[in-house]
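Remarks on the structure that follows.
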Amino acid sequence: MTARASDDPRDLPIPDAFARRMAALLDELDARAVLESLSAEPRRAVRANPRRATLDEVVQLTGWRLQELPWSPEAGLLSDPDVTRPGNHPLHAAGAFYLQDPTATAAATALAVTPGEWVADLAAAPGGKATALGARLEGQGVLLANDVHRARVEVLARNLERFGIRNAIVTQADPSELADRLAGRFDAVLLDAPCSGEAMFQKSLDARRDWSLDLVRRNAQRQGPLLDAASDLLKAGGRLVYATCTFSPEENEGVVGETLLRRADLHPAASPLSFVARGHASAVGVEEVLPDEAVARLWPHHAPGAGHVITNLERVDAPPPETRRSGKKRQDLAFKPPSRTTLEAWHTFRTAALTGVDTDLENEDTLRERAGVLWRVADLDLLDALSGVTVLRPGLALGRVQRDRFEPAHALAMALDPSATHSVVELSLDGPSLPRWLAGEELDVEERDVTWSGDGSAGYALLVTAGMPLGWTRRSGTRLRNLYPKGLRQR
Ligand code: SAM
């Protein structure tokens, strides 16, 4: 019997050819330090969801020690060796924070999104950056979050939902399909491109095993068209961030430089990230078009984290937006105005369960229904322009009619402030009921760490911890039915 191969990537040697390329790009000390860092223990950052809590509040509630990250005010480096499974903390389920590579948090900072903008994240799964961009929009404007891989798009959608982001449209498409339909419409676009993943040498066996110069070249080839699609989506004056988790100049300065040489409508822009190293445009002969200042290189020996390369660009000129409708509307999947039954059931639920302070939910113009699910669409024009594209979520799922009653969606619970509901069940963060709830058990309102407020006449109550939503419950006598989605339960 052969011994089981170790699954720790650091047991595999770093490819020689990669080491030689680092030695050619950097001075000797830096090159050696990069290789050592890529074999160090991976680090993690906790990035707070400003819609739920500040980073200080996350620290207070968890008791974790975090160190500041200069490029991300919402994130801190987890430097507490005793914290072993931070993803299992109940506040993670409540969407208070996202666990992310510390250097990856810089990409959202570089895009500098403000509330109300139209933002697209083209290779968004599993959502590390999309959740940060969505939170920065503060529910205004729209986030188009896309990826090509179906299973990964599902995870992306769940993470956006966990963060309570209600104005995200989630699609599964090649970015060129999006550019065909939505050219010239966006204020800001992030392309966190698929790449050879050299920074992943720290944590991915596949990244070490599969790396080759040929892989670098093949990735550079596929990144060019993706960057073109990202650029086409921008309006004049729109901002673009091109990011990778790889160090090869071919996939960073090379792809960007060649795109700039071809496109007069695209310019480099100064990177807003300070305290970071700059680009290596001359390594790929594009220094004439791409100044090193536009490129931020977060090297793993300079900063905690695996490493990221982030380039800021701007579209200076764009044809006026037009909506091209390619492909036929697929009627079976189309979002339609809601049926009377669904609308009436929603009214009944809304009146009984919601207080009316959330005025967004009072507006019925943006409601659409597909396959029985009622949605609050983030933007109707955008959804219309997407006909023919696979849209997993057009905005916020409100719920569906089942057994003659409106069953509210988990996404709706996660997008609500407790003041928007008549009945709230608070579970204390450190009591025994919370883990039981997250595991799918029923609770009793008379338990000591459970506090009920409201009259219960609506049936449904929002279940919260530390004032943050976790999902719906339905009260029957003193019992609280567990409506936490089965796929999210912690066993
Ligand atoms: N932005 C993500 C985050 O912060 O969580 C990580 C993105 S990862 C570096 C690159 C992503 O590109 C993968 O999710 C992969 O599925 C996706 N991808 C690969 N080819 C693509 C394509 N042609 N169009 C869009 N996304 C693609």
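Both counts, for ligands and for their atoms, begin at 1 and track the order of listing.
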Proximal atoms of ligand 1 relative to Gly128 (non-hydrogen, under 4.0 Å): 3 (C), 4 (O), 5 (O)
Distance-only polar pair, side chains of Thr171 and Asn146, donor-acceptor under 3.5 Å: yes
Arg152 N/O under 3.5 Å from ligand 1 N/O: yes
Electrostatic pair Glu253:Arg297 at N-O distance under 4.0 angstrom: yes
Test ring-ring contact (aromatic ring centres under 6.0 Å, His included) applied to Tyr98 and His92, step by step: CA-CA 7 Å; Tyr98 195 100; His92 185 264; 7.1 Å; no
Pair Asp214, Ser212: side-chain N/O donor-acceptor within cut-off below 3.5 Å: no
Pair Asp30, His301: side-chain N/O donor-acceptor within cut-off below 3.5 Å: yes
Donor-acceptor side-chain pairing of Arg208 and Ser39 below 3.5 angstrom: yes
Sub-4.0 Å atoms of ligand 1 with respect to non-hydrogen atoms of Pro175: 24 (N), 25 (C)
Nearest option to atom 6 (C) of ligand 1, as decided by whichever heavy atom of Ser176, Ala125, Ala124, Ala193 sits closest: Ala125
Per-atom contacts, ligand 1 versus Asp174 - under 4.0 Å to a heavy atom: 23 (N)
Which segment of Cys195 sits under 4.0 Å of ligand 1 when only heavy atoms are counted: neither
Distance filter under 4.0 Å to Lys129 heavy atoms, resulting ligand 1 atoms: 3 (C), 4 (O)
Option with minimal heavy-atom separation from atom 9 (C) of ligand 1, where the choices are Asn219, Thr171, Asp192: Asp192
Protein heavy atom at shortest distance from atom 15 (C) of ligand 1: Asp147 OD1, 3.5 Å
Side chain, backbone, both or neither: Leu190 near ligand 1, heavy atoms under 4.0 Å: neither
Polar contact flag, side-chain donor to acceptor under 3.5 angstrom, Ser196-Asn219: no
Distance filter under 4.0 Å to Leu122 heavy atoms, resulting ligand 1 atoms: 25 (C), 26 (N)
Side-chain H-bond candidate by donor/acceptor type, Glu369 with Trp375, under 3.5 Å: no
Atom 27 (C) of ligand 1: the protein heavy-atom neighbour that sits closest, reported with distance to 0.1 Å: Val148 CG2, 3.3 Å
Centroid-centroid distance, Trp299 to Phe247, less than 6.0 Å: yes
Interfacing atoms of ligand 1 (cut-off 4.0 Å, heavy-atom, His149): 15 (C), 16 (O)
Sub-4.0 Å heavy-atom approach of Arg222 to ligand 1: yes
Distance (rounded to the nearest 0.5 Å) between Arg162 CZ and Leu488 CG: 9.5 Å
Within-shell test, Ala104 vs ligand 1, heavy atom, strictly < 4.0 Å: no
Sub-4.0 Å heavy-atom contact, Cys245 with ligand 1: no
Asp101 side-chain N/O to Gly305 backbone N/O, donor-acceptor pair under 3.5 Å: no
Top protein contact for atom 12 (O) of ligand 1, by heavy-atom distance: Ala123 CB, 3.3 Å
